[in-house]
Number of protein chains: 2
Amino acid sequence: MTGIREIAIEAGVSPATVSRVIRNPELVSKERRQRVQAVIDRTGYTPNSLGVSLRKAKTNRLVAIIPDAISAFNYPVIRAMESIALENGYSLLLGDTQEMETRERSFAAMVSSRQADGILLFCPRLPFDVEPSIPLANQLPPMVNACELVPVNGLPQVNIDNRAAARDGVEYLLSLGHTRIGVIAGNLKSPSTKDRLAGYKDALRQAGLAIDEQCIDVGDYGLEKSEQATRRLMKQPQPPTAIFAFSDEMAMACIATLCKSGYRVPDDISVLGFDNISYANYCNPSLTTIAQPMSDIGRVCMELLLPQLRGEPMVAQNIVLDHTLIIRESTGPVKT
Amino acid sequence: MTGIREIAIEAGVSPATVSRVIRNPELVSKERRQRVQAVIDRTGYTPNSLGVSLRKAKTNRLVAIIPDAISAFNYPVIRAMESIALENGYSLLLGDTQEMETRERSFAAMVSSRQADGILLFCPRLPFDVEPSIPLANQLPPMVNACELVPVNGLPQVNIDNRAAARDGVEYLLSLGHTRIGVIAGNLKSPSTKDRLAGYKDALRQAGLAIDEQCIDVGDYGLEKSEQATRRLMKQPQPPTAIFAFSDEMAMACIATLCKSGYRVPDDISVLGFDNISYANYCNPSLTTIAQPMSDIGRVCMELLLPQLRGEPMVAQNIVLDHTLIIRESTGPVKT
DNA sequence: GTGAAAGCGCTAACAA
DNA sequence: TTGTTAGCGCTTTCAC
């Protein structure tokens with residue numbers, strides 16, 4: 001493994017000059033620059049980034065801490081982040097925590113142990129112990145929180161208004177004449193689920209309808225659990241005429257389950273999803289859903305992170321992006 | 001950011017002793033060990049891994065080079081890899097190349113630049129320039145190749161027999177009485193697609209059927225392209241009675257398109273997928289498909305990589321794992 | 001069992 | 001413009 005010293009000797013210059021040719025070529029005379037460059041090209045030399053990072057105390061790496069696997073929902077978010085990261089000289093490490101707090105913390109510790117410069121946090125809790133008496137901004141590394149928000153002040157956060165989004169979705173179902181609307185919720189501990197649930201109840205209350213807890217079931221953002229939830233919802237004496245699943249994936253599983261049981265969607269029962277993942281337009285029937293602006297979320301996160309990486313202080317702010325109701329084939333008027 | 005020197009001073013020992021307490025506690029007397037440990041605990045000191053890696057010339061990081069995004073297919077593969085990596089003290093960096101060779105090479109260069117110790121390669125070409133006269137094993141870093149195989153000898157490779165798998169799938173369709181079988185192929189440049197195409201032709205030939213190139217279209221492993229391919233296939237004067245999509249995602253898009261056009265699946269037309277992604281059982285109708293053993297692929301890759309990381313030489317081998325035909329609802333007897 | 005010292009590969013301050 | 005030097009934080013001989 002050839003190092004900068006070998007290149008320097010080979011080219012008959014000092015290591016410093018080689019370093020300059022790589023980092024600041026304009027500081028080196030043309031003659032020497034070409035000589036050094038020739039050796040670099042010939043040997044295929046690449047600087048050992050460990051040395052660079054150690055010296056510069058900077059890794060140019062970010063870590064995304066993701067609770068629940070890389071899903072059809074968060075992949076576009078991550079992809080947008082990664083592309084902006086790349087443009088700015090950063091690479092993005094994906095840390096899948098599989099919902100384990102130890103893993104959240106272990107990925108976050110990459111910053112303390114100088115394996116990464118900043119954090120994109122998709123989990124609803126801080127992966128650090130903080131001193132409540134000190135402002136958050138002074139204790140945390142460069143960091144942005146997205147989608148599942150930490151209930152704390154001081155962090156830059158990016159999200160949609162899940163409550164309003166769910167309300168909009170339910171109001172749409174109400175406008176189709178549905179009054180008995182089932183819910184397949186996500187993980188009840190997740191802030192996004194809580195907000196969507198609140199929005200669901202808002203809309204029903206506003207319409208003067210009672211909230212029947214029997215109509216609320218949990219799918220935990222999983223396919224099988226959504227299937228089970230669907231079966232339970234339909235087994236009620238008075239089954240819902242519409243089901244609102246808190247993710248498109250759960251909506252797909254819900255529809256599949258309904259069809260297996262002989263229901264027709266949307267003729268017999270309507271299904272509303274959430275997220276607008278790429279499959280939403282390619283399942284059968286295609287999904288009516290509440291779209292999240294996935295790439296915008298990713299982009300905005302990076303826009304909040306980059307200044308911090310440049311050394312600017314963390315600024316408490318909560319960016320709320322717009323959602324959109326996308327009407328496709330899985331919803332229709334209530335069956336009369 | 002406190003370093004080993006501060007800890008040493010605080011505990012009244014040398015940096016070397018602090019290092020030993022962390023790496024080889026048994027070399028340090030109990031008394032000093034406890035004293036040092038107390039300081040570490042109190043300060044929350046974490047060794048700067050840059051220093052460690054630089055010194056040890058080892059990063060404990062692997063990079064997975066993935067051509068086509070993190071899909072429902074390769075996510076389980078990656079997850080299996082990651083979990084084994086973790087057990088062995090490695091973390092896994094995901095490098096999404098978006099099919100760009102420059103990105104493949106840039107991720108691979110992380111090994112040369114000592115940002116990673118080994119490579120899990122999902123792309124069908126080497127991300128390094130090699131000297132044909134020298135054995136591959138002597139020129140490459142620790143590396144395993146999976147799914148899309150580099151057409152070269154000397155590399156440890158893991159895959160299924162795509163040709164046989166496709167043949168099995170087509171034979172099943174033939175057994176249902178289908179004789180006009182459309183194909184929605186993946187990326188024609190990808191070895192997996194080529195192999196599956198060969199298997200498709202094998203099966204037809206063996207059944208004494210002519211191969212009609214009109215029946216072969218390309219979906220490029222994408223949803224929209226699969227939709228377009230489906231439309232083209234069905235627009236033929238004599239449309240197929242069954243369609244074999246080379247991924248489940250394309251099969252889903254195919255089914256959605258067929259249903260929109262008024263066909264019933266499988267009554268009017270059968271659809272066969274490939275991969276057995278988690279959605280396969282949760283779309284409507286559920287997918288008959290050829291299952292790849294995703295987590296086994298990931299596990300076996302790591303089993304081939306770990307010895308190399310320990311310093312053992314790269315061994316040329318091609319591990320072929322079993323595929324399985326999974327019959328669900330999207331296929332049925334030909335309409336008479 | 002412990003510490004001093006060297007050095008992993010690199011860059012930046014300084015001197016020439 | 002270039003080279004010398006010091007040192008980023010750590011581990012590991014080597015000598016005690």
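Given the structure is predicted, the values throughout are model-derived calculations rather than measurements. Naming: A, B, ... by sequence-line order, numbering from 1 per chain.
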Have B/Ser113 and A/Tyr45 got a donor and an acceptor in their side chains that come within less than 3.5 Å? no
To the nearest angstrom, the NZ-P distance between A/Lys58 and D/dG9 comes to 17 Å
Any side-chain heavy atom of A/Pro141 sitting closer than 4.5 Å to one from A/Ile119? yes
Within less than 4.0 Å of OP1 or OP2 of C/dG3, is there a side-chain N or O belonging to B/Thr17? yes
Separation of atom CD1 in A/Ile7 from atom C1' in C/dT11, rounded to whole Å: 16 Å
Using heavy-atom distances to pick each residue's nearest nucleotide on DNA chain D, tell me which of B/Ile4 and A/Gly12 is more 5'. A/Gly12
Which part of the nucleic acid, if any, lies within contact of A/Ala16, taking any heavy atom under 4.0 Å across all strands shown: a base, the sugar-phosphate backbone alone, or nothing? base
Enter the inter-axis angle for the ends of the helix from C/dG1-D/dC16 to C/dA16-D/dT1 (five pairs per end, rounded to 10°). 40°
Side chains of B/Leu149 and B/Asn318: closer than 4.5 Å at any heavy-atom pair? yes
What is the distance, to the nearest angstrom, from the CZ atom on A/Arg114 to the P atom on D/dC10? 10 Å
Are any non-hydrogen side-chain atoms of B/Leu92 and B/Leu120 less than 4.5 angstrom apart? yes
Is the shortest distance from a Lys or Arg side-chain nitrogen in B/Asp117 or B/Lys56 to a carboxylate oxygen in the other one below 4.0 Å? no
Write down the distance between CD1 (B/Ile9) and C1' (C/dG3), rounded to a whole number of angstrom. 14 Å
In chain order, what residues pass the salt bridge (charged side-chain N to carboxylate O under 4.0 Å, His left out) check against B/Asp41, with sequence neighbours excluded? none
Heavy atoms under 4.0 Å, any strand shown: does A/Leu50 hit a base, just sugar-phosphate, or nothing? nothing
D/dT11 OP1/OP2 closer than 4.0 Å to side-chain N/O of B/Arg23: yes
Residues A/Ala108 and A/Ile65: closest non-hydrogen pair is N-CD1, 3.7 Å
Whole-Å distance separating the CG atom of A/Asp117 from the C1' atom of D/dC8: 15 Å
Starting from C1' on C/dC10, measure out to CD1 on A/Ile22 and report it in whole angstrom. 10 Å
Would you indicate whether the side-chain heavy atoms of A/Gln115 and A/Thr59 approach each other to under 4.5 Å? no
In numerical order, the residues of residues 27-37 of chain B whose heavy atoms come under 4.0 Å of DNA chain C are B/Leu27, B/Val28, B/Ser29, B/Arg32
Among the nucleotides D/dT12, C/dC8, C/dT11, whichever has the atom closest to the side chain of B/Leu54 is C/dC8
Any luck finding a side-chain donor-acceptor pair between B/Thr193 and B/Asn187 under 3.5 Å? no
Protein-nucleotide distance (A/Arg55, atom CZ; C/dC10, atom P), rounded to Å: 13 Å
Between B/Val13 and A/Gly51, the residue closer to the 5' end of DNA chain C by nearest nucleotide is B/Val13
Return whichever of B/Arg20 or B/Lys56 has its heavy-atom-nearest nucleotide of DNA chain C closer to the 5' end. B/Arg20
Quick one: is A/Tyr45 getting a side-chain N or O under 4.0 Å of the C/dG9 phosphate, OP1 or OP2? no
Side-chain contact test, heavy atoms from C-beta onward, threshold under 4.5 Å: evaluate it for A/Val36 versus A/Val28 and give yes or no. no
